[in-house]
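Notes follow once the structure below has been shown.
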Amino acid sequence: MKEKSAPGLNFIESIIENDLKNGKNDGNVVTRFPPEPNGYIHIGHAKSICLNFGIAGKHGGVCNLRFDDTNPGKEDVEYVDSIKQDVKWLGFDWGERLYFASDYYETLYEYALKLIKKGKAFVCELTPEQIREYRGTLTEPGKESPFRERPVEESVELFKKMKSGDFDEGSHVLRAKIDMKSGNLNMRDPVIYRILKAHHHRTGDKWVIYPMYDFAHGQSDSIEGVTHSLCTLEFEDHRPLYDWFIKELEIFAPRQIEFARLNLNYTVMSKRKLLQLVEAGLVSGWDDPRMPTVSGLRRRGFTPESIRDFADRIGVAKRDSTVDIALLEHCVREDLNKRAKRVMGVLDPLKVVIENYPEDKEEELEAINNPEDPDSGTRMVPFSREIFIEKDDFMEDPPKKFFRLSPGKEIRLKHAYYIKCVDVIKDENTGEILELRCTYDPKTRGGWSEDGRKVKGTSHWVSAKHAVPIGVMIYDRLFTEENPGSSDKELPDLVNPDSLNVLNGSLGEPSLKNAKPGEYFQFLRQGYFCVDEKLSSSDKQVFNRTVSLRDSWAKLGKKRG
RNA sequence: UGGGGCGUGGCCAAGCGGAAAGGCAUCGGUUUUUGGAGCCGACAUUCGGAGGUUCGAAUCCUCCCGCCCCAGCCA
């Protein structure tokens with residue numbers, strides 16, 4: 001059915017507003033985020049989290065956090081812990097409503113019994129292979145199991161024996177009795193309980209039979225009173241099954257609404273592939289800053305605000321789509337521009353000696369912390385005769401439109417003085433530029449000139465004797481192909497060999513010594529950085545580059561070829 | 001040859017019978033002690049295609065084309 005919507009609402013909100021208007025659920029809105037604890041969550045999950053918690057919040061409802069833990073073999077507390085941490089970090093609060101499908105095992109078992117007694121489920125002794133054969137194909141109907149019409153009492157007995165551990169794994173399953181000829185394969189007498197003699201991370205060894213996801217998810221929603229069950233497109237043809245269970249069980253009926261999952265270019269979103277990256281050592285772990293996992297993004301320096309903003313901007317719809325990673329980058333830049341403290345760090349240092357600056361003179365220059373934030377104040381930065389500037393900020397033989405330093409040219413040192421390059425010292429053999437000799441104009445202290453003389457370029461710098469060595473990690477997209485998920489190549493061959501560039505010779509202004517994890521920085525003219533807690537040590541801070549600044553000079557270079 | 005979905009600019013996405021919002025990207029200009037940020041402007045005569053209904057269609061109807069999902073005792 002088509003629902004009218006107010007502008008600015010996505011189609012799901014429109015449906016909910018309509019339900020509210022029609023007085024459904026007594027005006028309540030209950031949603032839930034239902035991860036399986038079998039891996040770390042990624043930005044695609046973040047979309048779902050923002051959607052579910054966002055909608056509940058917007059309509060005066062609540063959102064539960066429920067773990068759909070129905071497959072003990074693949075699940076682990078490590079994952080439930082990381083997921084809880086990530087949801088919290090994203091800024092959402094499930095209050096007291098932390099649930100697990102395993103909380104409902106007893107109820108689900110009773111539900112199954114009810115179905116059997118109604119003649120709507122039966123214990124089947126076909127082998128897994130036989131069940132597959134009997135299922136039919138996409139174009140041919142399936143065949144009914146020979147056990148389908150066995151007496152209700154027999155199924156009840158058998159199911160109880162399954163539960164008490166009398167049978168081996170794979171020997172018996174409980175199946176719903178629906179329609180082997182349905183065009184929807186989910187309705188062809190689906191398995192709803194199987195024997196799994198596995199240790200469960202929460203129920204231990206109490207159970208040897210476990211409900212299938214399809215027999216747990218919808219009922220869990222129902223038990224929790226979830227009014228709107230939001231899930232991804234691939235569950236669209238499971239909906240008739242869920243509705244069937246709800247109807248036969250005569251329990252509260254949530255409304256399921258499906259939306260398209262998030263795809264991002266130059267990365268992968270499938271848990272299987274992310275796991276493969278981790279296990280093959282292609283990345284350092286789930287929280288490698290190149291990973292699209294929430295933990296990876298956090299370590300990379302993304303803010304929760306920027307991720308929520310991103311989720312807002314990509315919208316919610318049913319069409320398969322791939323969002324440009326540039327949008328995510330735009331969201332962090334916008335957020336960090338307002339809040340990141342500006343500091344100076346020289347990634348690839350080139351020594352500069354200011355010949356007319358007194359040998360032992362030192363001075364402290366005032367530097368503004370963030371021009372975008374008037375409340376951020378200033379700090380003092382030491383200056384002396386020998387400094388380092390960025391190697392890229394000098395060219396001996398510059399092309400047109402190069403506004404930086406070159407022989408005879410004058411630039412401004414941010415917060416400091418104008419300097420002019422008077423000599424270039426090179427290695428006699430290699431020709432490599434070792435050092436620049438410059439002069440400064442004492443009348444330009446602070447970076448202003450009284451005579452109104454203009455300089456085109458401004459460079460960042462650090463004082464040689466005051467600078468602190470820092471480690472810098474420069475990241476680039478993890479994959480070389482825009483859509484690695486649909487490539488024929490193997491994952492290892494798709495990984496961008498330049499996705500990680502470790503810089504060891506970088507120097508930072510002294511204040512960086514006290515940089516703390518969780519602080520956001522902008523290294524002037526370069527990008528946004530944060531302290532990597534894992535890589536930093538007491539004697540050397542290591543910074544991750546979250547994202548570069550937009551760079552119109554680099555863009556010109558690309559145009560030039 | 002079954003069932004379920006989806007097709008609006010390079011990428012997302014509004015639109016719900018009165019005549020193409022917005023964001024990102026891109027390209028100009030302006031401003032600037034970050035070639036950053038900001039500001040201003042440009043960017044679909046057209047909505048997968050073809051017919052039809054209508055005074056009027058991206059919106060309704062018909063047919064066609066394309067893409068995605070489903071044959072786990074995974075979720």
Rounded to the nearest Å, what distance is computed from the CG atom of residue A:N370 to the P atom of nucleotide B:G36? 16 Å

Within less than 4.0 Å of OP1 or OP2 of B:U33, is there a side-chain N or O belonging to A:H415? no

Under a 90° cut-off about 0 for the syn range, is B:G72 syn or anti? syn

Searching all strands shown, indicate the nucleotide that pairs with B:U33 (Watson-Crick or G-U wobble; both distances under 3.5 Å). none

Take the protein atom CZ of A:R194 and the nucleotide atom C1' of B:C74, then report the distance between them rounded to whole Å. 7 Å

What is the distance, to the nearest angstrom, from the CZ atom on A:F11 to the P atom on B:U59? 20 Å

Residue A:L327, side-chain heavy atoms: nucleotide from B:C70, B:C73, B:G23 that is nearest: B:G23

Just name whichever nucleotide pairs with B:C24, Watson-Crick or G-U, keeping both distances under 3.5 Å, else none. B:G10

Residue-phosphate contact under 4.0 Å: A:R135 side-chain N/O, B:C73 OP1/OP2: yes

Between A:Y417 and A:D441, do the side chains contain an N or O donor and an N or O acceptor separated by less than 3.5 Å? no

For A:H200 and B:C74, give me the distance from atom NE2 to atom P, rounded to whole Å. 14 Å

Indicate yes or no: does A:R32 engage A:E224 in a salt bridge with an N to O separation below 4.0 Å. no

Are the side chain of A:E390 and the backbone of A:D348 linked by a donor-acceptor contact shorter than 3.5 Å? yes

Whole angstrom is fine here: how far is it from CG in A:L126 over to P in B:G72? 14 Å

Mapping A:E236 and A:R342 onto RNA chain B by nearest heavy atom, which one lands closer to the 5' end? A:E236

